[in-house]
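First the proteins, then the strands, lettered A, B, ... as listed; each starts at 1. Predicted model, so just to flag it, every value in this text is computed and none were measured.
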Number of protein chains: 2
Amino acid sequence: MARKTGSHSEITGPRIRAAAQHLFARHGYAAVSMRQIAAEVGVQAGALYLYTPDKQSLLADLMRDHLESLLAATAALPPQPSPADRLAQFARFHIGYHIERPDAVFIAYMELRNLEPAQFAEIEALRRRYEDVLEDILRAGHRAGQFSIPDSKLATMALIAMLTGVTNWYREGGRLRRHDVEAIYADMALKSVGALAQP
Amino acid sequence: MARKTGSHSEITGPRIRAAAQHLFARHGYAAVSMRQIAAEVGVQAGALYLYTPDKQSLLADLMRDHLESLLAATAALPPQPSPADRLAQFARFHIGYHIERPDAVFIAYMELRNLEPAQFAEIEALRRRYEDVLEDILRAGHRAGQFSIPDSKLATMALIAMLTGVTNWYREGGRLRRHDVEAIYADMALKSVGALAQP
DNA sequence: GTCTATACCATGATAGAC
DNA sequence: GTCTATCATGGTATAGAC
């Protein structure tokens, strides 16, 4: 992330990005002003431009960092013996990762329309790569005769939407524990593609 | 919807709401100006205030109308003999209804945070009533021993998110026909709660 | 590296002519 | 019923002092 000068501050930049992430997630990119971000950090609005060329880049950087981290974490998952195990692993991972980063996730899914074309294309490509991780699993299970899915792209979109929806309601310290939530979602995901025998 | 005077125009009001719905869905409430809405209708910005007291009410009215229509349509669904049939009917209905009204749906799900507290509470209550329709079905299936769901609230949120996600990718005239999409989603929904035997 | 000050523009909303 | 004109406010972003 381009800082404009050979500056010393290693702390203000991250704080600006944290404040922006928090405010964008809560109120939406378009509804948040640079003045609000600056106020949350405790600097003047003008000072933000030492750390970002403009508001748009602030958003795009947040989204890119999130999606690149997500992809890296996905790539680091340990190999699994079967498509069903891979899907269970993916579902648990997705739930856990999203529960831990509600703001970044929310922004990445909701603020695509506020990106300008060039940055939209870049971010959309990253998101698409993540969807492909799941679709690969589903296709492998379909080829192996273990999943029953008429259309792998539709199933991918359905599962991603189902799993990501956890951010709409899950709250730390609520009725259900994180581990239980992961288990139940993974179970529903497996059953939805016919990968689990009925009781 | 309160028009300010005993006016004659039966056409401009609806056109304003249609333009607002279209623009809010495409760019987001906060990113759309009253001038843009007026331009799309072909009137001046000031003229909008003959039909709405302010921008906020324009948004709240769109959301209220959508959710009330949705609830009315849900209530009008023909009775079904079993929880599984009710769930299949709900899934197909939800998919079809959402496919036909992508803009209204998108706004109702995305712009809650741009409502002020009083209107938020009202709209949120309507949304909650719709979720309860699904949760009632899931609980009935659970009581009857036909659904396998550890937590009915979680399952409700998971299914609503999965089904609503259709608006993220489905496009008229695309690869899949509407009827096929309804059928596949309904099948995944039933399987996810253990209501369909595996092949 | 951060500040104050400010340029410049778009916003939501209103007043009053027609 | 719609227009033009306008208001006060707040938006992004920059300039230049320190």
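Under 4.0 angstrom from either OP1 or OP2 of C:dT2 there lies no side-chain N or O belonging to A:Q44. The phosphate of D:dT2 (OP1 or OP2) has a side-chain N or O of B:Y51 nearer than 4.0 angstrom.
The CZ atom of A:R128 sits 16.0 Å away from atom CD1 of A:I123, with the distance rounded to the nearest 0.5 Å.
No N or O donor and acceptor, one from the side chain of A:R35 and one from the base of D:dG10, sit under 3.5 Å apart.
The distance between atom CG of A:L58 and atom P of D:dT12, rounded to the nearest whole Å, is 11 Å. C:dG12 atom P lies 12 Å from atom CG of B:L23, rounded to whole Å. Between the C1' atom of C:dT11 and the CG atom of B:N114 lies a distance of 15 Å, rounded to the nearest Å. Here C:dA13 presents its P atom at 13 Å from CD1 of B:I16, a figure rounded to the nearest Å. Nucleotide D:dC3 holds its P atom 15 Å from the OH atom of B:Y49, rounded to whole Å. To the nearest angstrom, C1' of D:dG11 lies 14 Å from CG of A:D54. The distance between atom CZ of B:R15 and atom C1' of D:dT2, rounded to the nearest whole Å, is 13 Å. Nucleotide D:dT12 holds its C1' atom 9 Å from the NZ atom of A:K55, rounded to whole Å.
At a threshold of 4.0 angstrom between heavy atoms, the contacts of A:V41 with the nucleic acid are absent.
Two residues, A:A47 and B:V32, neighbour DNA chain C, and the one matched to the more 5' nucleotide by heavy-atom proximity is A:A47.
Listed nucleotides: D:dT2, C:dT2, D:dA13. Nearest to the side chain of B:L50: D:dT2. Ranking D:dA13, C:dT11, D:dG11 by closeness to the B:S33 side chain, first place goes to C:dT11. The B:V43 side chain lies nearest to D:dC3 when the options are C:dG12, D:dC3, D:dA13.
Judged as a side-chain contact (heavy atoms from CB on, under 4.5 Å), and not counting sequence neighbours, the contacts of A:A31 are A:H27, B:A30, B:N114. Looking at residues two or more places apart in sequence or on another chain, you find a side-chain hydrogen bond (donor to acceptor under 3.5 Å, both in side chains) between A:D187 and A:K191.
Ring geometry, B:Y185 versus B:W169: the interplanar angle falls under 30°, so the pair is classed parallel (tilted spans 30 to 60°).
In this structure, the ring of B:Y130 has its center less than 6.0 angstrom from the ring center of B:H94.
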